[in-house]
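Encoded as structure tokens, the structure appears first; notes follow it.
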Amino acid sequence: METHHFGSKSVPVIGQGTWNLEQASRAMAVAALKRGLDLGLTHVDTAELYGAGKSEAIVGEAIAGRRDEVFLVSKVMPQNASRAGVIAACERSLKFLKTDRLDCYLLHWRGRHPLQETIAGLEELKRAGKIAAWGVSNFDADDLAEAAAIAGAKTIACNQVLYHLEERGIEHAVIPWCEKNGVAVVGYSPFGSGSFPNPTSPGGRALAAIAAARGATPRQIALAFLVRRPSLFAIPKAAAVSHVEENAGALRVKLTAADLAAIDAAFPVGRPRALQMI
Ligand code: NAP
């Protein structure tokens with residue numbers, strides 16, 4: 001099982017996202033998450049936003065009786081991120097998730113509440129043992145510097161950001177900042193949120209060639225590339241058990257330097273620009 005450091009813990013590099021998971025039948029969604037846990041995809045990412053608590057409730061059902069196996073992450077919406085609002089939002093999430101603690105709790109994106117207030121609420125949750133760590137999401141390098149100036153960089157466990165083969169913007173400034181400051185980078189929408197490179201496109205053909213050489217699938221190659229550095233994690237969402245199984249297979253894929261170079265050539269990083277988000 002390949003793991004990377006995530007704050008003080010070792011966490012599998014491939015996890016499970018849950019945005020829109022509630023659109024599948026409850027039984028299918030729970031089965032997919034459980035199969036993922038069986039295969040080592042124990043980093044489970046959810047948010048109060050997803051299905052207005054429905055996604056957290058599905059996660060709660062899937063992790064029942066096996067909480068200790070799971071690295072459980074949820075997120076507070078920016079409009080709830082006042083000092084008191086963060087605490088109330090976390091309590092609601094814990095109820096939906098049927099647990100007494102989160103492994104990491106994230107500010108979903110920056111909103112109108114000052115970061116000082118949000119961070120004060122997050123620190124209070126940590127002192128109360130309701131969260132083991134906290135992080136941020138959709139933070140560009142200047143946002144990270146601002147949060148670090150308030151809390152200390154070592155206090156920020158992760159930054160969850162958009163990262164897939166056709167959107168590599170975080171490689172310019174966000175990944176370097178996070179690596180310098182020991183902040184885990186969790187890449188969301190690793191399959192472009194459903195727009196994975198077409199097999200007939202030049203990029204799709206490059207992935208297929210590497211996949212054939214490694215006895216893997218194009219999606220497994222993409223995931224392996226997205227977690228190639230010790231700072232990186234990926235959290236694909238899959239409601240289908242067969243998709244979960246394929247994604248878990250990426251944990252055993254080893255890419256060579258030539259594979260990495262071929263992917264770099266097929267999916268260039270592009271020019272620096274403001275952080276993109278979904
Ligand atoms: P994604 O993981 O890039 O793509 C999900 C889509 O890919 C689904 O349609 C899924 O189908 C399909 N899929 C998954 N595995 C597959 C496989 N092996 N073969 C074929 N299709 C496959 O999209 P995402 O949900 O946008 O991102 C992943 C997670 O990141 C989210 O669920 C959420 O937890 C997180 N996220 C965070 C933010 C943020 O602002 N922090 C924003 C977006 C997402 P099925 O479901 O039918 O299996």
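Values below: all heavy atoms of this structure, side chains included; hydrogens, waters and symmetry mates excluded. Note that ligands are numbered from 1 as they come in the structure, with each ligand's atoms numbered from 1 the same way.
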(request) Would you give the length of the straight line joining atom CH2 of Trp109 to atom CZ of Phe139, rounded to the nearest 0.5 angstrom? (result) 12.0 Å
(request) Could you tell me the residue and atom name of the protein heavy atom closest to atom 40 (O) of ligand 1, and the distance to it rounded to 0.1 Å? (result) Asn138 ND2, 2.9 Å
(request) Measure the distance from atom 23 (O) of ligand 1 to every protein heavy atom, then report the residue, atom name and distance (to 0.1 Å) of the closest one. (result) Ser193 CA, 3.2 Å
(message) Please work out, at 4.0 Å between heavy atoms, whether the side chain, the backbone, both, or neither of Ala32 comes within that distance of ligand 1.
(response) neither
(message) Quiz question: by atom type and distance under 3.5 Å, do the side chains of Glu56 and Ser74 form a donor-acceptor pair?
(response) yes
(request) Look at atom 10 (C) of ligand 1 and say which protein heavy atom is nearest, naming residue and atom and giving the distance to 0.1 Å. (result) Lys237 O, 3.4 Å
(message) Within ligand 1, which atoms have a heavy atom of Lys75 less than 4.0 Å away?
(response) 41 (N)
(request) Starting from atom 34 (O) of ligand 1, locate the nearest protein heavy atom and write down its residue, its atom name and how far away it is, to 0.1 Å. (result) Asp45 OD2, 2.6 Å
(request) Using modelled atom types only, decide if a donor and an acceptor are shared between the side chain of Lys75 and the backbone of Thr46 within a distance under 3.5 Å. (result) yes
(message) At less than 4.0 angstrom from any non-hydrogen atom of Ala238, what atoms of ligand 1 do you find?
(response) 14 (C), 15 (N), 46 (O), 48 (O)
(request) For residues His243 and Phe191, establish whether the separation of their ring centroids is below 6.0 Å. (result) no
(message) Check contact between Gln160 and ligand 1, using heavy atoms of the residue and a distance below 4.0 angstrom.
(response) yes
(request) Could you tell me whether some N/O pair between Pro236 and ligand 1 is separated by less than 3.5 angstrom? (result) no
(request) Among all protein heavy atoms, pick the one closest to atom 29 (C) of ligand 1 and tell me residue, atom and distance. (result) Ile235 O, 3.2 Å
(message) Quick check on Tyr50 - does any of its heavy atoms sit under 4.0 Å from an atom of ligand 1?
(response) yes
(message) Whether Glu171 and Arg228 form a salt bridge (side-chain N of Lys/Arg under 4.0 Å from carboxylate O of Asp/Glu) is what I want to check.
(response) yes
(request) Could you tell me the separation between the NE2 atom of His113 and the OG1 atom of Thr118, rounded to the nearest 0.5 Å? (result) 7.0 Å
(message) Can you report which non-hydrogen protein atom sits closest to atom 18 (N) of ligand 1, along with the distance?
(response) Asn247 OD1, 2.9 Å
(message) Centroid separation under 6.0 Å, is that true for the rings of Phe71 and Phe6?
(response) yes
(message) Does ligand 1 come near enough to Ala240 that some N or O of the ligand is less than 3.5 Å from an N or O of the residue?
(response) yes
(message) Does the residue Gln16 have a heavy-atom contact with ligand 1, meaning some pair of atoms that are separated by less than 4.0 Å?
(response) no
(request) Using a strict cut-off of less than 4.0 Å between a Lys/Arg side-chain nitrogen and an Asp/Glu carboxylate oxygen, indicate whether Asp103 and Arg67 qualify as a salt bridge. (result) yes
(message) Please determine whether a side-chain nitrogen of the Lys or Arg among Arg101 and Asp68 lies less than 4.0 Å from a carboxylate oxygen of the Asp or Glu.
(response) yes
(message) Could you go through Tyr188 and Asp45, starting from their C-alpha distance and side-chain angles, then the distance that decides it, and tell me whether this counts as side chain to side chain donor-acceptor pair (under 3.5 Å)?
(response) CA-CA 10 Å; Tyr188 71 68; Asp45 178 77; over 6 Å; no
(message) Please check whether Ala239 reaches ligand 1 - meaning an N/O of the residue sits under 3.5 Å from an N/O of the ligand, judged on distance alone.
(response) yes
(request) Considering only NZ, NE, NH1 and NH2 on the basic side and carboxylate oxygens on the acidic side, decide whether Glu2 and Arg252 come within less than 4.0 Å. (result) no
(request) Specify the protein heavy atom at minimum distance from atom 32 (O) of ligand 1: its residue, its atom name, and the distance to 0.1 Å. (result) Trp19 N, 2.8 Å
(request) Measure the distance from atom 39 (C) of ligand 1 to every protein heavy atom, then report the residue, atom name and distance (to 0.1 Å) of the closest one. (result) Tyr188 CE2, 3.2 Å
(request) Under 4.0 Å from a heavy atom of Thr18: give me the atoms of ligand 1 that qualify, with their elements. (result) 32 (O), 34 (O)
(request) Would you kindly check if the NZ (Lys) or CZ (Arg) of Arg219 is within the cone defined by 45 degrees around the ring axis of Phe196 and under 6.0 Å from the six-membered ring centre? (result) yes
(request) Considering the heavy atoms of Arg219, write down every atom of ligand 1 situated less than 4.0 Å from one of them. (result) 16 (C), 17 (C), 18 (N), 19 (N), 20 (C), 21 (N), 22 (C)
(message) Out of His108, His243, Met277, who is nearest to atom 22 (C) of ligand 1 when you count heavy atoms only?
(response) His243
(message) As a test of the contact definition, would atom 27 (O) of ligand 1 count as having a protein heavy-atom neighbour under 4.0 Å?
(response) yes
(message) Less than 3.5 Å apart, any donor N or O on the side chain of Glu117 or Ser82 sitting next to an acceptor on the other?
(response) no
